[in-house]
Colleague: 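This structure is in structure tokens; I'll ask about it shortly.
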Amino acid sequence: MQRTETALVHQGEHFNTTSAVVSPIFQTSTYYADNDLDIYIEAATATKHPTFYHRHGNPTNSQVAELLAHLEQTEDALVLATGMAAISTAVLAAVQAGDHVIAQHAHYSGASLFLREFLADYGVAVTFVDQTDNEAIAAAIRPETKLIYVETPSNPNLAITDLAFVGKLGKEHGILTMVDNTFSSPINQQPHVFGIDVILHSATKYLGGHSDLTAGAVCGTKVFIDKVWKRSLVLGASLSPFDSWLLLRGLKTLALRVRQINENALQLAQWLDGHQAVRAVTYVGLPSHPQHALAKEQMRGFTGMLCIELEGAGEADQFAKAQQLLGTLKVFSNAASLGGVESLIVHPASMWGGHHAVEQKTIGGIKLGLLRISVGIEHIDDLLADLAQGLAKLS
Ligand SMILES: *Cc1c(COP(=O)(O)O)cnc(C)c1O
């Protein structure tokens, strides 16, 4: 099997049927078909046919999917229009009315919304548990439990779910296990190694890596991916040709980017940890993280995601200081999303203000003074200098 760096550049190249070194963008909705109607019927009914009609598939989508299956060590994969398209179609392929799902208190906000507000409408019950509590996950199992849905490290509070425990629990009880691996990317974490069945990505983030596309991915067995594909087909969640091409281009440098980002983030976290204007730093790569030992067991790198809480006299003061810091930074920008080459800083309590229930914010650890940082590939000295000047101005 090819090593990761080589696979990122070459895996799935056979879907490029031209002699161009770089696969062209197949910017077309449909493809000339065979006039032999037996062959036509076969193409029309095939799963993920790459050259029939765009909602069925596209050569670049097939190429990216083959690469992602290789990276996540699963049998098959499917790419979709967004991370949320991947999450919703994958969950819909796993459950039906009467089934029960176990999920975490804290998930990406869109996933929380789907699990909390949408599944109930279709007769699917969900129990939300503390992701750091293995006993609580096991205790939530019912006879009708069909899915355990986890996210690690979670967004934004960076709590870790024990993947080996969840993978084993699922196997023992015949329950499908699914993980949102967006924050880690397959460079930092390969959940399949721990027995997790289905791996999801918002490819908008680290996989694409340049903040210029939206995409999602589901990785799993061929049988499961066929089911997800059918749902994507009828719900219309197919990934556009141009976004798919940008994703393929972005993926070539995934290993290089993630390595640099891991390095920058660790240095930044260590520096922030000793700063007098910062009350707390949450980074899974710091020994002070309550689950650092577990993170070391299941991750090969600690990502570019970190959270800080500023010093202040109470929450209102911390909030005012967070607001002030956002206004003084020059290299870090305030923007939603993460995982790109540029460093971003956001105020989660504002970003999700309208979507999260108060209970979710407190359990999920989204405090008013919390800032979430996505570290990019800029020079570390410029990142440190920017935060130093910003923090020095806080009053
Ligand atoms: C952004 C994100 C998603 C949703 O992805 P979109 O591409 O925006 O639909 C899902 N999970 C996590 C962890 C994310 O950060």
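Ligands are counted one by one from 1 in listed order, and the atoms in each one are counted from 1 as well. The figures here come from the full heavy-atom set of this structure, side chains too, leaving out hydrogens, waters and symmetry mates. The first residue of the sequence shown is numbered 1, and numbering continues consecutively from there.
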Colleague: Is it true that a side-chain atom of T145 and a backbone atom of R142 form a donor plus acceptor pair closer than 3.5 Å?
Modeller: yes

Colleague: Does the side chain of E72 pick up a donor-acceptor pair with the side chain of H201 at under 3.5 Å?
Modeller: yes

Colleague: As a quick check of understanding, evaluate salt bridge (Lys or Arg N to Asp or Glu O under 4.0 Å) for E172 and K168, giving each step before the final call.
Modeller: CA-CA 6 Å; E172 277 169 9; K168 190 159 165 278; 3.2 Å; yes

Colleague: Which parts of the protein, at residue level, reach under 4.0 Å of ligand 1 through a heavy atom?
Modeller: T82, G83, M84, I87, Y108, E151, N155, D180, T182, F183, S202, T204, K205, A215, L338

Colleague: Share the residues that join V166 in a hydrophobic cluster, the rule being Ile, Leu, Val, Met, Phe, Trp or Tyr side chains under 4.5 Å apart at the heavy-atom level.
Modeller: I102, V129, I137, I141, I148, V150, L163, F165, L169, I175, V179, V193, F194, I196, I199

Colleague: Is the shortest distance from a Lys or Arg side-chain nitrogen in K252 or E5 to a carboxylate oxygen in the other one below 4.0 Å?
Modeller: no

Colleague: Using a strict cut-off of less than 4.0 Å between a Lys/Arg side-chain nitrogen and an Asp/Glu carboxylate oxygen, indicate whether K171 and D197 qualify as a salt bridge.
Modeller: yes

